[in-house]
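Since the structure comes first, as structure tokens, the remarks are kept for the end.
The figures here come from the full heavy-atom set of this structure, side chains too, leaving out hydrogens, waters and symmetry mates.
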Amino acid sequence: MNKSILYKILFFSVIISSLSVNAQILRKRTTLLMGGRFDITIVAKDSLTAEQNIDEVIAEITRIENLISDWKPDSQVSQVNQNAGIKPIKVDREVFELTKRAIQFSEATKGGFDVSFAAMDRIWKFDGSMTEMPSAEAIKKSVEKVGYKNIILDSVQSTIFLKLKGMKIGFGALGEGYATDKCRNMMLAKGIKAGIVNGSGDMTAWGKQPNGKDWNIGMTNPFHPDTLFAVIPLNNGAVTTSGSYEKFVVFNGKRYSHIINPATGYPATGLCSVSVFGPNAETANGLSTSLMVLGQKEGLILLKKYPEYSCLIITDNGKIVKSKNFKIRKFKANL
């Protein structure tokens, strides 16, 4: 899935203990899906069962990717984009409902998150080639086709219509979280009581390690990426992150992130990373991206609308900010 606009970094690592209890076996596999890295960990009664369930998780993520990827020309989302300004496209109910939730999230963030961001012109370069900021006119023009209010849903017909030619929708900021949630629920329904699905830093965990302890999530130090700044226990929940410390440009002493505000066309500034914790990776995924765009003050106001979710923010100058409802025990940060 194309992430050149809203890029999710791999911010978390899982610290696993190998001691097993009651003959539970842990197996882990890393693969490339949805245009990024997925780490899949399953705890089961034996190796064969664990490996078979990892296969099922990969198959489910692949199925979702083939439905919602905006860079696969035969996906349903691509068909919607190809017919922008022409006609509505009938989609599976799953795609319809995901799009509906994305529009609701776009409304909640007042466009700080926008599912139609995929239509944005890529005028910002973060490969070292930019020597000056784009003009205000170019920035304004880059977002002319972006606007979730121009997405028309027909619930009866299960169709999606983009009113303007050149419009596009994309799930680069929700897709991995949605997929990890689906896989967790699928595994729980099969009786797999513990595991982790980590899609490029959008992580859902359930149950416990074979030794009976919570999963330990190591958080990368954004100023020293080869080290951890904290280890956080996670049990039956999700955590996602958005960060800007790897891709940015500096003009006149101000740092501009590769995460672009779809409402304005300007890059996010002020925050180095945002991690969001809660029960659902899809929602946490959208929140972490939105907080990066909105900034500390407006982002924390938005988070109050989602009381089941908490956040950990690191500013560009290294300040650690936690939401008031951040209650993870044994948390120790060291930047």
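- Between the N53 side chain and the T49 main chain, a donor and an acceptor come within less than 3.5 Å of each other.
- Side-chain atoms of N236 come within 3.5 Å of backbone N or O of G207 as a donor-acceptor pair.
- Two residues are said to be in side-chain contact when any heavy atoms from C-beta on lie closer than 4.5 Å; T62 and L33 meet this criterion.
- Side-chain contact between Q209 and Q24 is absent, with no heavy-atom pair separated by less than 4.5 Å.
- Residue pairs satisfying the side chain to side chain donor-acceptor pair (under 3.5 Å) criterion with at least one member in residues 142-164, sequence neighbours excluded, are listed as follows: R93-S155.
- Checked by atom type and distance alone, the side chain of S116 pairs as donor or acceptor with a backbone atom of G147 at under 3.5 Å.
- Scanning all heavy atoms of the two residues, the minimum distance from G166 to A84 falls at N-CB, 4.1 Å.
- Two different hydrophobic clusters hold I25 and L48 under the rule that ILVMFWY side chains link at heavy-atom gaps under 4.5 Å.
- Side-chain atoms of E308 never come within 3.5 Å of backbone atoms of G278 as a donor-acceptor pair (strictly under, hydrogens ignored).
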Checking F117 against I260 for the side-chain contact (heavy atoms from CB on, under 4.5 Å) test, could you report, in this order, the C-alpha distance in whole Å, the side-chain angles of both residues, the deciding distance, and whether it holds?
CA-CA 9 Å; F117 78 92; I260 311 295; over 6 Å; no
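- Side-chain contact between F251 and M130 is present, with heavy atoms from C-beta onward closer than 4.5 Å.
- To the nearest 0.5 Å, atoms CG (L302) and NZ (K297) are separated by 14.5 Å.
- For K100, the NZ atom counts as loosely surrounded, since its 6.0 Å shell holds 12 or fewer non-hydrogen atoms of other residues, nucleotides or ligands.
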Should V197 and M187 be marked as a side-chain contact (heavy atoms from CB on, under 4.5 Å) after you check the CA-CA gap, both sets of side-chain angles, and the distance that decides it?
CA-CA 11 Å; V197 182; M187 289 293 101; over 6 Å; no
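- Linking Ile, Leu, Val, Met, Phe, Trp and Tyr residues whenever their side-chain heavy atoms come within less than 4.5 Å leaves V274 and F248 in two separate clusters.
- Side-chain contact between S244 and R255: present, with at least one pair of heavy atoms (C-beta onward) separated by less than 4.5 Å.
- Between the CD atom in Q76 and the CG atom in N81 there is a gap of 12.0 Å [rounded to 0.5 Å].
- When atom types are taken as modelled, the side chain of W215 and the backbone of W206 share a donor-acceptor pair closer than 3.5 angstrom.
- At distances below 3.5 Å, not a single donor-acceptor pair connects side-chain atoms of S78 with backbone N or O atoms of D74.
- For N261 against G112, the heavy-atom pair with the smallest separation is OD1-CA, 4.4 Å.
- A tilted orientation is assigned to the rings of Y306 and F105, their planes being inclined by 30° to 60°.
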Hey, mind stepping through S273 and I314 against side-chain contact (heavy atoms from CB on, under 4.5 Å) and telling me if it holds?
CA-CA 5 Å; S273 71; I314 303 176; 3.6 Å; yes
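- Between the T227 side chain and the N221 main chain, no donor and acceptor come within less than 3.5 Å of each other.
- S106 and D114 form no side-chain donor-acceptor contact under 3.5 Å, judged by distance and modelled atom types alone.
- Side-chain atoms of T109 and S290 include no donor-acceptor pair closer than 3.5 Å.
- F229 has its side chain out of reach of H224: every pair of non-hydrogen atoms, C-beta onward, lies at least 4.5 Å apart.
- Across all their heavy atoms, T99 and L153 have their closest contact at CG2-CD2, 4.1 Å.
- Residues N325 and S310 bring no donor and acceptor atom of their side chains to less than 3.5 Å of each other.
- With values rounded to the nearest 0.5 angstrom, L294 atom CG is found 9.5 Å from I301 atom CD1.
- Atom-to-atom distance recorded for I54:CD1 and T41:OG1 is 7.0 Å, nearest 0.5 angstrom.
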Trace of the salt bridge (Lys or Arg N to Asp or Glu O under 4.0 Å) decision for K110 with E298:
CA-CA 11 Å; K110 299 178 181 179; E298 292 299 319; over 6 Å; no
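- When hydrophobic clusters are built by joining Ile, Leu, Val, Met, Phe, Trp and Tyr residues whose side-chain heavy atoms come closer than 4.5 Å, directly or via intermediates, I152 is not grouped with V115.
- The main-chain N or O of E282 is found under 3.5 Å from a side-chain atom of N280 such that the two form a donor-acceptor pair.
- Contact check for P233 versus K213: no side-chain heavy atoms found under the 4.5 Å cut-off.
- By the rule that hydrophobic residues join a cluster once side-chain heavy atoms approach within less than 4.5 Å of another member, I68 and F161 end up as members of separate clusters.
- With contacts defined as side-chain heavy-atom distances shorter than 4.5 Å, the pair C311/Y309 does not qualify.
- Checking I160, I89, V91 one by one against Q79, the side-chain contact (heavy atoms from CB on, under 4.5 Å) holds for a single residue, I89.
- Listed for the D121 side chain is no donor-acceptor partner under 3.5 Å among the backbone atoms of I123.
- Using a 4.5 Å cut-off on side-chain heavy atoms (C-beta onward), R27 and I42 make no contact.
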Report the C-alpha separation of E137 and K140 in whole Å, then their side-chain angles, then the decisive distance to 0.1 Å, and conclude whether the salt bridge (Lys or Arg N to Asp or Glu O under 4.0 Å) test is met.
CA-CA 5 Å; E137 182 180 354; K140 182 179 180 181; over 6 Å; no
Check against side-chain contact (heavy atoms from CB on, under 4.5 Å), V77 and I169
CA-CA 7 Å; V77 166; I169 58 174; 3.9 Å; yes
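- Here the side chain of S242 pairs a donor or acceptor atom with the backbone of T289 at under 3.5 angstrom.
- Taking the six-membered ring for Trp and thresholds of 30 and 60 degrees, F126 and W124 have nearly parallel ring planes, at less than 30 degrees apart.
- A single hydrophobic cluster is seen to contain both I196 and L26, as judged by linkage of ILVMFWY side chains at heavy-atom distances under 4.5 Å, directly or through other members.
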